[in-house]
S.K.: 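The structure's right below; bear with me while I get my questions together.
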Amino acid sequence: QVQLVESGGGLVQAGGSLRLSCAASGRTFRGYNMGWFRQAPGKEREFVARISWTGGGTDYADSVKGRFTISRDNAKNTVYLQMNSLKPEDTAVYYCAFHNSGEYYSPRSYHYWGQGTQVTVSS
């Protein structure tokens, strides 16, 4: 059974930092591109960042570029999202998922979603 478990969320003041982790089990992690998405209340799930299976290729949403960094450790079957200079508008539930096929920025291109981790940024 494929499982993704996100962790590391919490409450932080604006300007602070958090590091999210996403641990995979039940399938081969190596060889798959991975993505982070987020969903705020009343809004659609939106792309945050993605990383190639080698870790050599990354893409970011314009809203997080320069503040967030995605990385992975294939030996640990884990992908990370380092979030710095957090803003109140970053408040959302953050999800990771395996990229299946299609546009990397579209949630429809991903499967095997985790349960999410809540990030709340206070002003």
Side-chain angles (χ1 to χ4, degrees):
Q1 181 179 356
V2 178
Q3 189 174 20
L4 291 172
V5 179
E6 301 95 336
S7 61
L11 174 63
V12 64
Q13 288 188 331
S17 298
L18 284 173
R19 189 193 194 204
L20 306 184
S21 299
C22 170
S25 62
R27 82 175 305 186
T28 301
F29 183 74
R30 189 187 304 270
Y32 286 92
N33 300 338
M34 299 291 294
W36 282 99
F37 287 74
R38 65 187 182 186
Q39 188 166 17
K43 295 188 176 182
E44 294 186 351
R45 192 166 297 188
E46 65 173 2
F47 170 75
V48 175
R50 74 99 189 177
I51 187 166
S52 66
W53 74 271
T54 65
T58 58
D59 289 280
Y60 298 92
D62 287 343
S63 59
V64 307
K65 202 171 293 183
R67 300 188 297 122
F68 291 10
T69 302
I70 188 171
S71 62
R72 67 190 293 162
D73 185 338
N74 286 340
K76 295 182 178 180
N77 286 357
T78 301
V79 62
Y80 305 97
L81 187 68
Q82 177 67 43
M83 306 186 297
N84 299 329
S85 302
L86 282 162
K87 305 175 181 180
E89 51 264 43
D90 294 319
T91 295
V93 178
Y94 284 70
Y95 301 89
C96 65
F98 283 94
H99 183 231
N100 186 20
S101 63
E103 296 90 350
Y104 66 83
Y105 49 82
S106 171
R108 291 188 296 272
S109 300
Y110 291 76
H111 61 181
Y112 298 123
W113 296 85
Q115 84 292 344
T117 186
Q118 175 70 48
V119 171
T120 303
V121 184
S122 62
S123 57

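Remember, predicted model here, so these are calculated numbers, not experimental data. The figures here come from the full heavy-atom set of this structure, side chains too, leaving out hydrogens, waters and symmetry mates.
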S.K.: What pair of heavy atoms forms the shortest contact from Ser85 to Arg67, and how long is it?
M.R.: O-NH1, 2.9 Å
S.K.: Spell out, as yes or no, whether a donor-acceptor pair under 3.5 Å connects the side chain of Thr58 to the backbone of Ile51.
M.R.: no
S.K.: For the residue pair Gly9 and Leu20, what are the closest heavy atoms and their distance?
M.R.: N-CD2, 3.6 Å
S.K.: What distance separates Asn74 CG from Met34 CE, expressed to the nearest 0.5 Å?
M.R.: 10.0 Å
S.K.: For Lys65, look at atom NZ and say whether over 12 heavy atoms of other residues, nucleotides or ligands are found less than 6.0 Å away.
M.R.: yes
S.K.: Ignoring hydrogens and angles, tell me if any N or O in the side chain of Gln115 forms a donor-acceptor pair with the backbone of Glu6 under 3.5 Å.
M.R.: yes
S.K.: Can you label the angle between the Phe47 ring and the Tyr104 ring as parallel, tilted or perpendicular, going by 30° and 60°?
M.R.: perpendicular
S.K.: To check you understand the geometry: which heavy-atom pair defines the closest contact between Ala24 and Leu4, and what is its length?
M.R.: CB-CD2, 3.4 Å
S.K.: Quick check on Trp113: does its CH2 atom have over 12 non-hydrogen neighbours (other residues, nucleotides or ligands) under 6.0 Å away?
M.R.: yes
S.K.: Compare all side-chain heavy atoms of Asn100 with those of Tyr112 and state whether any distance is below 4.5 angstrom.
M.R.: no
S.K.: When rounded to the nearest 0.5 angstrom, what is the spacing between OH in Tyr95 and CD in Glu46?
M.R.: 12.5 Å
S.K.: To the nearest 0.5 Å, what is the distance between CZ on Arg38 and CD on Glu44?
M.R.: 14.0 Å
S.K.: Taking all atoms of both residues into account, what is the closest heavy-atom pair of Thr91 and Ala40, and its distance?
M.R.: O-CB, 3.7 Å
S.K.: Hey, mind stepping through His99 and Tyr32 against side chain to side chain contact (heavy atoms under 4.5 Å, CB included) and telling me if it holds?
M.R.: CA-CA 7 Å; His99 183 231; Tyr32 286 92; over 6 Å; no
S.K.: Are Tyr110 and Trp36 connected in the hydrophobic side-chain network, where two residues link if heavy atoms are under 4.5 Å apart?
M.R.: no
S.K.: Could you give the distance from CD (Gln82) to CD1 (Ile70), rounded to the nearest 0.5 Å?
M.R.: 12.0 Å
S.K.: Tell me, do Thr117 and Ser7 make a side-chain contact under 4.5 Å, heavy atoms counted?
M.R.: no
S.K.: Give a yes or no on whether a salt bridge exists between Asp90 and Lys87, defined as a side-chain N under 4.0 angstrom from a carboxylate O.
M.R.: no
S.K.: Please say yes or no: joined through hydrophobic side-chain contacts below 4.5 Å, possibly via intermediate residues, are Val2 and Val79 part of one cluster?
M.R.: yes
S.K.: From Glu89 CD over to Ser123 OG, what is the distance, rounded to the nearest 0.5 angstrom?
M.R.: 10.0 Å
S.K.: Following the transitive rule for hydrophobic clusters with a side-chain heavy-atom cut-off under 4.5 Å over Ile, Leu, Val, Met, Phe, Trp and Tyr, establish whether Val119 and Tyr80 coincide in one cluster.
M.R.: no
S.K.: Has the side chain of Arg72 got a donor or acceptor atom that lies under 3.5 Å from a matching backbone atom of Ser52?
M.R.: yes
S.K.: Run the ring-centre check on Tyr60 versus Phe68 and record whether the distance is less than 6.0 Å.
M.R.: no
S.K.: Report whether Tyr105 and Phe37 are members of the same hydrophobic cluster (ILVMFWY, side-chain heavy atoms less than 4.5 Å apart, transitive linking).
M.R.: yes
S.K.: Rounded at 0.5 Å granularity, tell me how far CZ in Arg19 sits from CE in Met83.
M.R.: 11.5 Å
S.K.: Verify side chain to side chain contact (heavy atoms under 4.5 Å, CB included) between Lys76 and Ser21, making sure each step is shown before the conclusion.
M.R.: CA-CA 11 Å; Lys76 295 182 178 180; Ser21 299; over 6 Å; no
S.K.: Taking Ser109 for the side chain and Ser101 for the main chain, is one N or O donor matched with an acceptor at less than 3.5 Å?
M.R.: yes
S.K.: Any side-chain heavy-atom pair from Arg50 and Asn33 closer than 4.5 angstrom?
M.R.: yes
